[in-house]
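Below you'll find the structure, written out as structure tokens, and then a few comments.
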Number of protein chains: 2
Amino acid sequence: MSRMRTNTPIYQRVADDLRAEIADGTRPPGSQLPTEAELQEKYAATRYTVRQGLAALVNEGLIVSRRPLGHFVREIHPMVYRPQQEFRKKQPELDIFTQLLADEGNGRQPSQEIEVSIVQPTSNTLDRLKLADNELLAVRRRTRYIDGEPYNINDSYVRLSLVQDSEYMSPVDVARGTNQVLADLGKPLVRALDEIYVRMPKPDEVTRLKLGPGTPVAEHVVTTYTFEDEPVQVTINIVPGDRHVIVFERTREWPPAEQGESA
Amino acid sequence: MSRMRTNTPIYQRVADDLRAEIADGTRPPGSQLPTEAELQEKYAATRYTVRQGLAALVNEGLIVSRRPLGHFVREIHPMVYRPQQEFRKKQPELDIFTQLLADEGNGRQPSQEIEVSIVQPTSNTLDRLKLADNELLAVRRRTRYIDGEPYNINDSYVRLSLVQDSEYMSPVDVARGTNQVLADLGKPLVRALDEIYVRMPKPDEVTRLKLGPGTPVAEHVVTTYTFEDEPVQVTINIVPGDRHVIVFERTREWPPAEQGESA
DNA sequence: CAGCGGGCATTGTCCAGTCAATGCGAATGG
DNA sequence: CCATTCGCATTGACTGGACAATGCCCGCTG
């Protein structure tokens, strides 16, 4: 037969075989994969080669390696992330984040770290808030946890001059909600623009959110506006893909009538 | 002094250094990175090690390797992906997809491949459409291109019994839009539920969309309902993260009870 | 001048090893 | 019986090679 062209590289076959077994349920979430040594034998390859195959799966987010224990099929526990909920009528006692989770009905314990500081605008915030020149911004940085594990990052930017001396600046949970604080300051938020970017995380996000390799994130940027279409607040959420489903609901503007507006 | 613990592995330093240079603009998009040989010299490491560093950046989607040419900083050209637009009033002459692009105002040429087939429901579609037993589904599979490059995948599922013999089944562009076809069949779609999952692509998605390594995708699942909250259609969009921004707009449901309009 | 073909730089795949780090569990000592 | 230590299996980091594949460029040929 001589040199039958085997085309697909060995490490690919390792990855493909394992991926198929994970997909069809042969290897359920949480189960341990063969060790590198076992794979070496099975594929008659060196450790380097089988490691390459495993690395591919790690980068696809399908498996994780726990250092001296082995490789395991990844388990995911997505929670529902519902940007619109923020605009719904709500019990004003509950913080929005807590309320979101309450919807789930499971007993997971949310908590958050809040940190308020003053920063110079970046290009991100600068043109979304249509800032004049180097006006300063107040930023409320929140990292939110469930059962002690970080779940997402939520940084809100507003013009410092607007919220100076207000409750907005206090690094604690604001019971009535920061949106209410802004409304009380004469800037009720009635419109929002959501932008969602899907990408791999930056190194600092990896550490802040304890992300495993192969975990993409959604960068969810919300710009909120007043009646008069004045942008007031930019919120940047970093939402790990392995822990969230983003959910929106929509209704048609016009039930089949042409032109006619019937809200 | 003596043996200062150098802690971070060499390949990490390679990745970190290059990442920083990309971030601060020293290495602009499209520019060529040092060759592996050059990096070997700079870091006094073997090729394996510098390759590990480069591989990390590839998996982050920051760089691409063009086989015998070298590694290059990745260029991205995101287009706006606006799920809601589908529900807006529109010139019925234009296909939705074409219209989306028209908004951009740039001269990129859209095209699409349409394929209609009949399938058994998967768990995905089965419970979203609340199907009775093994009712068959019609699926319109579309792959959409811009300037010949694949941009996203769009598969729509409806009950076969509903659309049999209708225009829905013809694998060509339906001028008035498939939503209109469904409306004409007595199922006007007025509500939609959007779910967005962020993950790494499956191998078949990689090939269908010609995805580079390190490119995550959004799986955007839309379930559309009639007045009576009957689910009619499930659409699964696969949206590559490097080529899209997903955009939503929201208005507050109740402007504190009076003040009717906000456009 | 157009077309072809071969050299070549560069990345892709793979081999055969070494030593380090780490968490678990068994052996050990009080 | 409990706490501590230590062996060990397993993955992580890295060395130093080899040969294959592939676009590009340049020189040759008609």
Side-chain angles (χ1 to χ4, degrees), chain A residues 2-18 27 30-74 203 206-207 210-214, chain B residues 3-18 27 30-74 203 206-207 210 212-214:
Chain A
S2 72
R3 289 287 303 140
M4 148 89 170
R5 282 192 34 114
T6 186
N7 250 343
T8 60
I10 303 176
Y11 80 92
Q12 269 293 349
R13 290 218 309 275
V14 176
D16 290 348
D17 291 353
L18 290 173
R27 302 189 177 280
S31 63
Q32 182 169 6
L33 297 174
T35 66
E36 296 175 355
E38 287 165 352
L39 290 172
Q40 278 185 62
E41 188 162 0
K42 174 169 180 188
Y43 290 93
T46 58
R47 197 170 152 225
Y48 169 85
T49 304
V50 303
R51 273 178 75 78
Q52 222 180 184
L54 290 168
L57 297 181
V58 168
N59 285 321
E60 288 171 32
L62 281 180
I63 67 176
V64 293
S65 114
R66 296 217 290 275
R67 176 72 107 104
L69 304 185
H71 288 89
F72 296 82
V73 181
R74 188 153 176 185
V206 171
T207 57
K210 287 199 201 139
L211 298 177
Chain B
R3 287 288 302 140
M4 149 84 171
R5 278 184 44 108
T6 187
N7 248 342
T8 61
I10 303 175
Y11 80 93
Q12 269 292 352
R13 290 217 308 275
V14 176
D16 290 347
D17 291 354
L18 291 173
R27 302 189 178 278
S31 64
Q32 183 169 4
L33 297 175
T35 66
E36 297 175 355
E38 288 164 353
L39 290 173
Q40 279 185 59
E41 190 163 1
K42 174 168 179 189
Y43 290 92
T46 58
R47 197 171 151 226
Y48 168 84
T49 302
V50 303
R51 271 180 76 76
Q52 227 181 148
L54 290 169
L57 297 180
V58 169
N59 285 320
E60 288 171 32
L62 280 179
I63 67 175
V64 292
S65 113
R66 296 217 290 273
R67 174 75 107 103
L69 304 184
H71 288 90
F72 296 81
V73 181
R74 190 153 173 185
V206 171
T207 57
K210 286 197 201 145

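Chain A is the first sequence line, chain B the second, and so forth, proteins listed ahead of strands; every chain is numbered from 1.
Residue B:Thr46 places no side-chain N or O under 4.0 Å from the OP1 or OP2 atom of D:dG17. Side-chain nitrogen and oxygen atoms of B:His71 include none within less than 4.0 Å of the OP1 or OP2 phosphate oxygen of C:dT10.
The CD-P distance, from A:Gln12 to C:dT13, rounds to 8 Å in whole Å. Following rounding to the nearest Å, A:Gln32 (CD) and D:dA9 (P) show an atom-to-atom distance of 14 Å. For the pair A:Tyr11 OH and C:dC14 C1', the interatomic distance rounds to 11 Å; values are reported in whole Å. Put simply, CZ on A:Arg66 is 12 Å from P on D:dT11, counting in whole angstrom units. With rounding to whole Å, A:Leu69 atom CG is found 9 Å from C:dG25 atom P.
Residues passing the side chain to side chain donor-acceptor pair (under 3.5 Å) test with A:Tyr43 are A:Asp17, sequence neighbours excluded. Partners of A:Arg27 according to the side chain to side chain donor-acceptor pair (under 3.5 Å) rule, which considers only residues two or more places apart in sequence or in another chain, are A:Glu21. For A:Lys42, there are no salt bridge (Lys or Arg N to Asp or Glu O under 4.0 Å) partners at least two apart in sequence or on another chain.
Of the candidates C:dT11, C:dT18, C:dC14, the closest approach to any side-chain atom of A:Arg47 belongs to C:dT18. Comparing C:dC15, C:dA9, C:dG23 by their nearest atom to the side chain of B:Pro68 picks out C:dA9. For B:Ser65, the listed nucleotide lying nearest its side chain is C:dT11; candidates were C:dG23, C:dC14, C:dT11. Closest to the A:Arg51 side chain, of the nucleotides D:dT15, D:dG23, D:dG12, is D:dG12.
Both A:Gly70 and A:Tyr48 lie close to DNA chain D; mapped to their nearest nucleotides by heavy-atom distance, the more 5′-ward contact belongs to A:Gly70. Closest-nucleotide positions on DNA chain C for A:Ile10 and B:Leu54 were compared, and the one nearer the 5' end corresponds to B:Leu54.
For CD of A:Glu41, the number of neighbouring non-hydrogen atoms (other residues, nucleotides, ligands) closer than 6.0 Å is 12 at most. Around the CD atom of A:Gln32, the shell of radius 6.0 Å holds more than 12 heavy atoms that belong to other residues, nucleotides or ligands.
Within residues 33-44 of chain A, the residues that place at least one heavy atom under 4.0 Å from DNA chain D are, in residue-number order, A:Thr35, A:Glu36.
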Output side-chain donor-acceptor pairs under 3.5 Å for residues 46-54 of chain A, partner residues at least two apart or in another chain, one line each.
residue : atom : partner : partner atom : Å
A:Thr46 : OG1  : A:Thr49 : OG1          : 3.3
A:Arg47 : NE   : A:Glu36 : OE1          : 2.6
A:Arg47 : NH2  : A:Glu36 : OE1          : 3.2
A:Arg51 : NH1  : A:Glu36 : OE2          : 2.8

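At a cut-off of 3.5 angstrom, the base of D:dT22 holds no donor-acceptor pair with the side chain of B:Arg67.
Pairs engaging residues 62-73 of chain B under the side chain to side chain donor-acceptor pair (under 3.5 Å) rule: none recorded [sequence neighbours left out].
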